[in-house]
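Report on the following structure.
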Amino acid sequence: ELLMEFVKLPAACQLPVMRIMAMSRHSYKNLSFLMKNIHLYDDLVDDLNGSGTRIDLMMFYGPEMVQKWLKNGEDTDGHLMKELLGAMTLLHCKARLAIFQKKTLLDKCDEVAIDPFELNVKPMVSEIEARGSRWGEDTPGRFISLVGRVKVDVNDSCTQGLV
């Protein structure tokens, strides 16, 4: 049944679903919710597809971040996945903006990045771990709030960043 649902997804949504499932290390149990809602996050879908001129963004500690937030798959109503998708969209946007600002500062706007941009999200993973296993259950929007507070620092070659 899930396979048929996956096959019916628009082609542009299939790779993002596979990438998010890979980041969760296939522990997320509400795959149907993800497949029904991924299309609502078109910027994230474009980023995860590597569409057009978008920066190829890779997240160090991304799987750990996703697993910690999704509590190893326990998300029966999809609220954790919904917040994860919104937070990842915001995080990708912040990274692109930080890269643009750094390139502008260094007068490198005409340079096209060939290498993927590596974003280290370990500080976010550490904060989630420090808050404990029940973090986020009582307050919707906590993960998006965490992403909203982060600043992305970009190195001078515009190939790596740290939140």
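Residue indices begin at 1 and follow the sequence shown.
The minimum heavy-atom distance linking G78 with N30 is given by the pair N-ND2, 3.6 Å. The heavy-atom pair separating L119 from V152 by the smallest distance is CD1-CG1, 3.8 Å.
Under the 3.5 Å distance criterion, the side-chain polar atoms of K94 are left unmatched by any main-chain donor or acceptor of K151. Under a 3.5 Å cut-off, the side chain of D153 and the backbone N or O of G161 do not form any donor-acceptor pair. A side-chain donor-acceptor contact under 3.5 Å links E83 to the backbone of F143.
Open room surrounds NZ on K82; 12 or fewer heavy atoms of other groups in view lie less than 6.0 Å from it. Around the CZ atom of F33, the shell of radius 6.0 Å holds more than 12 heavy atoms that belong to other residues, nucleotides or ligands.
Just one of L146, V147, L91 meets the side-chain contact (heavy atoms from CB on, under 4.5 Å) condition when paired with V163; it is L91.
Considering only heavy atoms from C-beta on, P116 stays 4.5 Å or farther from L57 through its side chain. Between F60 and V121, every side-chain heavy-atom pair lies at or beyond the 4.5 Å cut-off. Between L85 and L44 the shortest side-chain heavy-atom distance falls below 4.5 Å. Annotation: side chain of M81 is in contact with side chain of L70 (closest heavy-atom distance under 4.5 Å).
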* side chain to side chain contact (heavy atoms under 4.5 Å, CB included) between E64 and M59, worked out -> CA-CA 10 Å; E64 290 79 2; M59 284 193 287; over 6 Å; no

* Audit row: D47, R96, side chain to side chain contact (heavy atoms under 4.5 Å, CB included) steps and yes/no -> CA-CA 10 Å; D47 281 346; R96 283 193 312 273; 2.5 Å; yes

* To do: Determine, step by step, whether K29 and D75 satisfy the side chain to side chain contact (heavy atoms under 4.5 Å, CB included) criterion, reporting the C-alpha distance in whole Å, the side-chain angles of both residues, the deciding distance to 0.1 Å, and the verdict.
  => CA-CA 7 Å; K29 295 175 180 68; D75 183 29; over 6 Å; no

* To do: Using the side chain to side chain contact (heavy atoms under 4.5 Å, CB included) rule, take Y61 and N120 through it: C-alpha gap first, then chi angles, then the decisive distance, then the call.
  => CA-CA 6 Å; Y61 296 97; N120 187 330; 3.5 Å; yes

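A chain of hydrophobic side-chain contacts below 4.5 Å, direct or via other Ile, Leu, Val, Met, Phe, Trp or Tyr residues, connects M23 to L2. Note: the hydrophobic cluster containing L40 also contains I38 (ILVMFWY, side chain heavy atoms under 4.5 Å, direct or indirect links).
Qualifying side chain to side chain contact (heavy atoms under 4.5 Å, CB included) partners for S145, counting only residues two or more places apart in sequence or in other chains: R149.
Atom-to-atom distance recorded for N37:CG and H39:NE2 is 7.0 Å, nearest 0.5 angstrom. In this structure, the separation between NE2 on H92 and OH on Y41 is 13.5 Å, given to the nearest 0.5 Å. Rounded to the nearest 0.5 Å, atoms CG (L84) and OH (Y28) are 8.5 Å apart. Going from atom CG of D43 over to atom CE of M88 covers 12.5 Å, rounded to the nearest 0.5 Å. The CD atom of Q67 sits 11.0 Å away from atom CE of M65, with the distance rounded to the nearest 0.5 Å. Rounding to the nearest 0.5 Å gives a distance of 5.0 Å between CG of L31 and CE of M21.
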Below 3.5 Å, can you tabulate the donor-acceptor pairs from side chains in residues 7-20 to any protein atom, sequence neighbours excluded?
from	atom 1	to	atom 2	distance (Å)
Q14	NE2	F6	O	3.3
Q14	NE2	L9	O	3.4
R19	NH1	L48	O	2.5

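The existence of a salt bridge linking K102 and D156 is confirmed by a sub-4.0 Å separation between a basic side-chain nitrogen and an acidic carboxylate oxygen. Between E127 and K68, no side-chain nitrogen of the basic residue sits less than 4.0 Å from a carboxylate oxygen of the acidic one, so the salt-bridge criterion is not met.
Using modelled atom types and a 3.5 Å distance limit, the side chains of E118 and T159 yield no donor-acceptor pair.
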